[in-house]
Amino acid sequence: MTTLDEVAEIVWKADGESGPKYTEATLLPRLQAIMTPWMSEGFFADVVVLVEGEDDRAAILGVSKALGHDLESRGFSIIPCGGKTNLDRPAAIFRQLGIPIYIIWDGDKEEKDPRPEDNHRLLRLMGQAIEDWPCQTHGQFACFARNMETTLREEIGPENFDTWLGECKKDLCIPKKKHALKNPQVLSIIINKAHESHKNCKTIETIIDKILLLKPK
């Protein structure tokens, strides 16, 4: 068991212990925005995977499916949190409740108006050394130098990725790229086509292997 005061202290430490110590009263308003139906499912999961957005969720589910893993039917809950700054609170709560977690976020290096302090917060939360632009795959977290889509596209090959994405948009009648990238079926098709062409996304496949290892025996 845990209390919101304990969770608040964890988040406060992740923030670098700056300012007055967080409490249940100051934490509660920051929890309201993240309590989505997806988040509620996490309390019943064997393993929780926290990602920034729906496109990241689609990528994890799509690549997993292409590799023969139906994560959701096996007790894994892939939860989009609405941005990197919303990952800390659910991570602290689920971990305090004894639910294994895996956190995935974008480092946002070279992006417009990057905020290295957001990376610092999550690295502290995971007990890691602070660096501005982390790019690593760990047993309980992964951080991309820029973002997941860029890594997927680069490792498969930009031309291949763009061609297969275009085919999926046409075949599945999804006119906008941003909507296609939020569809796990699209990502699954792209990964299957990549494997047929003897290409793969080593980074995301490694992440999925590490996620699978978190499920209690």
Side-chain angles (χ1 to χ4, degrees), residues 34-84 86-87 90-91 94 99-106 122 137-144 146-157 160-162 164-197 199-216:
I34 64 171
M35 290 311 298
T36 63
W38 267 317
M39 198 68 67
S40 298
E41 290 178 8
F43 294 105
F44 303 96
D46 294 324
V47 177
V48 167
V49 181
L50 300 170
V51 297
E52 290 193 40
E54 292 182 43
D55 48 350
D56 301 314
R57 180 178 187 273
I60 293 298
L61 291 176
V63 175
S64 298
K65 183 178 180 182
L67 296 174
H69 306 297
D70 186 345
L71 292 181
E72 291 183 303
S73 70
R74 294 176 59 182
F76 295 83
S77 184
I78 319 301
I79 302 176
C81 296
K84 178 161 59 175
N86 289 331
L87 291 169
F94 288 125
I99 301 173
I101 61 168
Y102 198 93
I103 308 177
I104 303 171
W105 77 89
D106 299 334
L122 293 171
T137 302
H138 190 272
Q140 290 187 309
F141 75 90
C143 181
F144 298 94
R146 291 187 63 186
N147 55 59
M148 188 184 296
E149 180 191 335
T150 297
T151 299
L152 182 62
R153 185 172 180 268
E154 289 177 348
E155 293 189 356
I156 288 176
N160 289 326
F161 182 87
D162 294 343
W164 295 330
L165 178 60
E167 291 173 355
C168 287
K169 288 169 60 183
K170 180 179 179 181
D171 294 344
L172 299 176
C173 299
I174 305 175
K176 293 188 177 182
K177 175 183 175 181
K178 66 179 182 179
H179 294 155
L181 290 172
K182 293 179 181 179
N183 189 319
Q185 185 179 354
V186 170
L187 276 300
S188 180
I189 291 171
I190 290 175
I191 293 300
N192 280 324
K193 287 181 177 291
H195 286 170
E196 291 170 1
S197 301
K199 300 180 182 296
N200 60 15
C201 184
K202 183 178 179 181
T203 301
I204 299 180
E205 291 180 13
T206 298
I207 289 170
I208 291 167
D209 286 341
K210 293 184 180 299
I211 289 171
L212 291 169
L213 289 173
L214 290 175
K215 186 170 182 179

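Since this is a predicted model, take the numbers as computed values, not measurements. All values below were derived from every heavy atom in this structure, side-chain atoms included, with hydrogens, water molecules and symmetry-related copies excluded.
Checking side-chain atoms of Arg57 against main-chain N and O of Ile78 turns up a donor-acceptor pair under 3.5 Å. Under the 3.5 Å distance criterion, the side-chain polar atoms of Tyr102 are left unmatched by any main-chain donor or acceptor of Gln140.
With values rounded to the nearest 0.5 angstrom, Ile204 atom CD1 is found 4.5 Å from Leu152 atom CG. A distance of 12.0 Å separates CG of Asn183 from CG of Asp55, quoted to the nearest 0.5 Å. Of the inter-residue distances, the one linking Glu54 atom CD with Lys178 atom NZ reads 11.5 Å to the nearest 0.5 angstrom. Distance check: Ile104 CD1 to Thr137 OG1 gives 9.0 Å after rounding to the nearest 0.5 Å. Between the CG atom in Leu165 and the CD atom in Glu167 there is a gap of 9.5 Å [rounded to 0.5 Å]. The distance from atom CD1 of Ile207 to atom SG of Cys201, rounded to the nearest 0.5 Å, is 8.0 Å.
At a threshold of 4.5 Å between non-hydrogen side-chain atoms, the residues Leu122 and Cys143 do not count as touching. Side-chain contact between Cys81 and Met39 is present, with heavy atoms from C-beta onward closer than 4.5 Å. Looking at Val186 and Lys169, their side chains never come closer than 4.5 Å, going by heavy atoms from C-beta outward. The closest side-chain heavy-atom distance from Leu67 to Ile208 is below 4.5 Å. Lys199 places none of its side-chain heavy atoms less than 4.5 Å from the side chain of Phe161. In this structure the side chain of Ile191 never reaches within 4.5 angstrom of the side chain of Trp164, judged on heavy atoms. In this structure, Glu52 and Leu87 have side chains that are in contact, with non-hydrogen atoms separated by less than 4.5 Å.
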If you apply the rule side chain to side chain contact (heavy atoms under 4.5 Å, CB included), what do you find for Leu71 with Leu212, and how did you get there? CA-CA 8 Å; Leu71 292 181; Leu212 291 169; 3.7 Å; yes
Determine whether His69 and Phe76 satisfy the following criterion, side chain to side chain contact (heavy atoms under 4.5 Å, CB included), listing intermediate values before the conclusion. CA-CA 11 Å; His69 306 297; Phe76 295 83; over 6 Å; no
Full working for side chain to side chain contact (heavy atoms under 4.5 Å, CB included) between Leu50 and Trp105: CA-CA 8 Å; Leu50 300 170; Trp105 77 89; over 6 Å; no
Apply salt bridge (charged side-chain N to carboxylate O under 4.0 Å, His left out) to Arg74 and Asp46, showing your working. CA-CA 8 Å; Arg74 294 176 59 182; Asp46 294 324; over 6 Å; no
Does the pair Ile189 and Leu172 meet the rule for a side chain to side chain contact (heavy atoms under 4.5 Å, CB included), with working shown? CA-CA 11 Å; Ile189 291 171; Leu172 299 176; 4.3 Å; yes
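Between Pro184 and Leu61, the closest heavy-atom pair is CB-CB, 4.0 Å. Ala91 and Ile103 make their closest contact through CB-CD1, 3.5 Å (heavy atoms, listed as atom of the first residue, atom of the second, distance). The two residues Ile79 and Gly42 have their closest heavy-atom pair at CD1-CA, 3.9 Å. Annotation for Arg146 and Asp106: closest pair O-CB, 3.0 Å, computed over non-hydrogen atoms. Shown here for Leu181 and Leu187, the closest heavy-atom pair between the two residues is O-CD2, 3.7 Å. Leu214 and Gly139 make their closest contact through CD2-O, 4.0 Å (heavy atoms, listed as atom of the first residue, atom of the second, distance).
Remark: Glu149 engages Lys177 in a salt bridge, criterion side-chain N to carboxylate O under 4.0 Å.
Between Phe94 and Phe43, the angle of the ring planes lies from 30° to 60°, which puts this pair in the tilted group.
For residues 201-212, every residue pair satisfying the side chain to side chain donor-acceptor pair (under 3.5 Å) rule, not counting sequence neighbours, is listed here: Glu155-Thr203, His195-Glu205.
In this view, Lys84 and Asp108, Asn119 satisfy the side-chain hydrogen bond (donor to acceptor under 3.5 Å, both in side chains) rule, not counting sequence neighbours.
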